[in-house]
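Only one structure is covered here, and it is reproduced in the block below.
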Amino acid sequence: MSGAWKAADVVGLREETTTARTIRLRLPAPVPALAGQHIDIRLTAPDGYQAVRSYSVAGATPDGFEITVEELPDGEVSPYLVRDLAVGDQLEVRGPVGGWFVWRAEDSGPVQLIGGGSGVVPLMAMARAHAAAAHPAPFRLLYSVRSPESVFYREELESLAERETFDVTYVYTRKAPDGEPAGRLDKGTLARHVLDGGSDPAVFICGATGFVEAVSGWLLDLGHAPDRIKTERYGGMGGTS
Amino acid sequence: MGIVSSGFMGRRKRDVPGLPPGQYLTEDFPVLSAGPTPRIERDQWVFSFAADGSSRHWDWNGFMSLPQEDILADLHCVTSWSKLGTRWRGVPVDALFEGVETDAEYALFHSYGGYTTNLPLDDVLGGKAWIVHEYDGGEIPPEHGGPARLLVPHLYLWKSAKWVSGLELMAEDEPGFWESRGYHLHGDPWREERYG
């Protein structure tokens, strides 16, 4: 039952960037996670105070799953998870939950993923599920990110992109590698890099509210059907997660 | 009380009045939506009310001529943030029921874009719910549900359907969009009715 809290063991930690890390969690019993779902994490302070936050699952593992957490400057939970949590610690976990922003291997059509910053996390879960299933549908990821140093999962994305069915495009908003332009994603760049609306792709967009609002609006302008676009926004979490 | 994380102190205020269990305070106004923000012009906006085989409709001007109330409400999102003391203006759902006699006990609210949410009539009548069209003294921004949204502040915010387009009376309770995807049928934040 998704509503019950379970104790999960922290069995692995991996730095993604200087402000984000991936936490591998092992659960007492296997819990199926759909690609794109999230979990709730509950922390309890020594005085009994509790805080709960939601994090997207980044990928399934044989005995649990991974999440990737970005430290938010004014955050309450994320600095603890990124800075203090250690392998061997336990966390209380509820879920995974959410049945909308998910990709299922039964879906046969092409998929366009569009992520802004740490919004790439649930999209990575979909990309991993796509690869794990050796799925024939074309998958594309458009990843808008501050700088090359801010990219999550770089090596794995490169290796996924060696497959014919997966393609990744980076848009660097502040600082790009030498010889590449830097600047915010705009409608023209989006139109050049996403699957055409005519191929009727399922579109998943995740990022800050402003990013999701802009991108989904442009996609409608470009002829994508509103009922093919699914969105998830974290921006509103207001730096408080 | 759960597993204690010795290095975790927490930074938020404890025991804030008005804050349901498992919620934390936020000052800004997060946006959570399942899809693109629908584009709805006020001159094309229509609100429909389907009851027992008949239906009534209001266009924007007709809606504005209904009784209006100012509402001060605390908002509680199932994703754990709460925003206290928000100001809205709109039409009490009671006003839509003027002259309606029904045995129905439930309503399914519909939104532009296809969203739905189910509510017992007991939770929307008697001054508990409104169709609001002003937030903080101005128009409701589209990403927050403008031009008009449902406001049911005593339940989790997914019940306060954005871009609301109508309501349908139901003999039986029928799950809406999130309620059929793992969320609670009712959604009382004080009882932490988060997941079904």
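Every heavy atom of this structure was used, including side-chain atoms; hydrogens, water molecules and symmetry mates were not. What you see is a predicted model, and the numbers here were worked out from it, not measured in a lab. So that the names make sense, note that chain A is the first sequence line, chain B the second, and so on, each numbered from 1.
- For A:Phe101, no part lies under 4.5 angstrom from a heavy atom of chain B.
- Proximity to chain B (any heavy atom under 4.5 Å) is shown, for A:Gln90, by both the backbone and the side chain.
- The side-chain tip of A:Arg42 points at the ring of A:Trp5 from less than 6.0 angstrom away and within 45° of straight on.
- Annotation: maximal heavy-atom pairing with chain A below 4.5 Å, among B:Pro36, B:Ser80, B:Pro142, B:Gly7, occurs at B:Pro36.
- Counting heavy-atom pairs closer than 4.5 Å to chain A, the top-ranked of the candidates B:Gly114, B:Gly113, B:Ser33 is B:Ser33.
- Counting heavy-atom pairs closer than 4.5 Å to chain B, the top residue among A:Asp84, A:Ile229, A:Asp227, A:Val203 is A:Ile229.
- With hydrogens and angles ignored, the 3.5 Å screen pairs a side-chain donor or acceptor of A:Gln37 with a backbone N or O of A:Leu34.
- Contacts of B:Ser5 with chain A are made by both backbone and side-chain atoms, with heavy-atom separations under 4.5 Å.
- Cation-pi geometry between B:Arg181 and B:Tyr183 is not met at under 6.0 angstrom from the ring centre and within 45 degrees of the axis.
- Between the side chain of B:Ser54 and the main chain of B:Ala51, a donor-acceptor pair closer than 3.5 Å is present.
- In summary, of the residues considered (A:Lys6, A:Arg94, A:Arg53), a salt bridge (charged side-chain N to carboxylate O under 4.0 Å, His left out) with A:Asp40 occurs for A:Arg94 alone.
- When heavy atoms are compared at a cutoff of 4.5 Å, A:His224 does not approach chain B at all.
- A salt bridge links A:Glu66 to A:Arg14: one of the charged nitrogens lies within less than 4.0 Å of a carboxylate oxygen.
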